[in-house]
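These notes concern the structure reproduced below.
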There are 2 protein chains.
Amino acid sequence: MIQSVDRAVRVLSALQGSRRMTLSELAAALGLPASTVHGIVKTLVGHGMVVQERGSSRYMLGPRVLLLGNVYLDTLELRSRTAPWAGELARRTGYAVRTGVLLIDEIVIIHHEPRPDGSRQMPEVGIVIPAHASALGKAITAFSAQAQKAVGEAAPLRSMTGETLTDLAALEAQWEEVAATGVAAEAEEAVLGECALASPIFDAFDGVVGAIGVVIPSTAWPVEPPVREALRETARAISRELGAPTWPGPRIA
Amino acid sequence: MIQSVDRAVRVLSALQGSRRMTLSELAAALGLPASTVHGIVKTLVGHGMVVQERGSSRYMLGPRVLLLGNVYLDTLELRSRTAPWAGELARRTGYAVRTGVLLIDEIVIIHHEPRPDGSRQMPEVGIVIPAHASALGKAITAFSAQAQKAVGEAAPLRSMTGETLTDLAALEAQWEEVAATGVAAEAEEAVLGECALASPIFDAFDGVVGAIGVVIPSTAWPVEPPVREALRETARAISRELGAPTWPGPRIA
DNA sequence: GTCACACGTTCGACATTATCGAATGTTCGT
DNA sequence: ACGAACATTCGATAATGTCGAACGTGTGAC
């Protein structure tokens, strides 16, 4: 692992957390001398990955990261294959549908199909949720030892609401259940008033690549079996389209 | 400028162009030994900035760049301030409205307000257009010497359609005109069938920070004066909200 | 209005660190 | 089963990034 590149990514991560930072704040956050950080930041600025805010001499992320993010979405076969199915699922169930992938120990939303009731909803593509506090996260983690390790190492599990599972053993028990049924659940563990159901998606190379799920208001929870069935069917159909021989697929390293 | 960080960004840029690349392709693209590139790529992979495609051993951008892009949009005051005005402008004119910022010598779209006719339209946030072939680009470049330099250095100007201006002198003449009127135009110079009008946005620190514009079908071109007036008014109003003392603002370094 | 502080920035010597070529392992196609 | 192309690992070299100190600049206090 190359030191300076690693540090550069750390700079971006710091800016991702605390939107706008001075050079000294960045240096303190990384535990490095200001001059060292300056060299890195200056390089990133040169490429538009970071910009210094006009006037205030604070640094923030630059337009180039937006561009990269957009290209990522375009490149992702999972997303293009999933989109039509997500629309169909939203129509059939009446709930919003999300598709996500794993990033270390968090879930990144790569597609969001709004509730079909026509109300104005925030676009949620690009947001992250801890893997241990979301149905999408549980669905993926249950089938990936690597993800389980990452979640375990991130302990103690951060509590988001009073309902968040913070006990690793309890979480591991849920993984077992998810691995058996192919459906993961979450009730107000990430956001109050919001529950969710999710199922893993597999590809031709025999492993989870993501998960798809529905977002359900607490008032409609627990949900009727047909929704659960529709979700399973959708995840299975997408996996088949991606070339997965079985569903659910095997648990991988 | 730190060499290895610079190279890391170049790797990301290469992947941005040719979506999926093998290590050798990357090495060839950067003109470096494979082992050198490997170290960089491995570091990026460790942070989820890059992922190796399952099976094929090709590399592509990772979920982390999406996350960063999303945070960038959230951080941007220009975007949040502009959004309501963009909606208003779209309603008044009946055309789609775009807001963009400059990235070296290209325009990155940071907000897209669809045509109010209710038709399904592609979300265009995150796409890029060469600054010399777009109204947004001309609007910004006319007021920034740095941008003009970048465009000049990128010459020869890439032709997108038969109408694209590829002569730098002709472009410079347009900049003069835009600087005087505060409105830039473009007729099928980027995409056939599409014309555009755009005006620069200034902030409290006396310089362009972005531009807002309307997208107009060729069939409605040239457009009636009221649209032009509405656009100027909108750009002026946003600039005032951002603290700009005058509109148009001064041309900056 | 002046002072003083804090911050970003530049510079140069040092040694840590990235780099590169060769060797190894792995995967693919024949 | 073989060969070739590719990704990956390893280790010696010196080029490179790193760090502390000095400089410049802008900001807030008195």
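Letters A, B, ... are given to chains in the order of the sequence lines, protein chains preceding strands, and every chain is numbered from 1.
- Remark: B:Q3 is not in phosphate contact with D:dA15, judged by side-chain N or O atoms under 4.0 Å from OP1 or OP2.
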Protein-nucleic acid N or O pairs under 3.5 Å, nucleotides 19-29 of chain D:
residue : atom : partner : partner atom : Å
D:dC19  : OP2  : A:T36   : OG1          : 2.4
D:dG20  : N7   : A:S35   : OG           : 3.4
D:dG20  : O6   : A:S35   : OG           : 3.1

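- Residues B:Y59 and B:V45 are in side-chain contact: their nearest non-hydrogen atoms beyond the backbone lie under 4.5 Å apart.
- Heavy-atom minimum distance, A:L23 versus A:A34: CD2-O, 4.0 Å.
- Nearest-nucleotide positions on DNA chain C place A:H38 closer to the 5' end than the other of A:H38 and A:M1.
- Under a cut-off of 6.0 angstrom, the local environment of CH2 in B:W85 is sparse, with at most 12 non-hydrogen atoms contributed by other residues, nucleotides or ligands.
- The interatomic distance linking A:D6 (CG) with D:dG17 (C1') rounds to 14 Å, in whole Å.
- Contacts of B:E25 with the nucleic acid, taken as non-hydrogen atoms under 4.0 Å apart, are absent.
- Reading DNA chain C from its 5' end, the first and the last nucleotide to sit under 4.0 Å from a heavy atom of chain A are C:dC7 to C:dT19.
- One interatomic measurement links the two molecules: CG of A:L44 to P of D:dG17, which rounds to 13 Å at whole-angstrom precision.
- Residues passing the salt bridge (Lys or Arg N to Asp or Glu O under 4.0 Å) test with A:E177, sequence neighbours excluded: none.
- Taking the salt bridge (Lys or Arg N to Asp or Glu O under 4.0 Å) definition, one finds that B:R10 meets it with B:D6, sequence neighbours left out.
- A:N70 places none of its side-chain heavy atoms less than 4.5 Å from the side chain of B:L66.
- Among residues two or more places apart in sequence or in another chain, the salt bridge (Lys or Arg N to Asp or Glu O under 4.0 Å) test is passed with A:R232 by A:E229.
- When heavy atoms are screened at a 4.0 angstrom cut-off, A:I2 is found touching the sugar-phosphate backbone but no base atom.
- Applying the salt bridge (Lys or Arg N to Asp or Glu O under 4.0 Å) criterion to A:K42, with sequence neighbours excluded, gives no partner residue.
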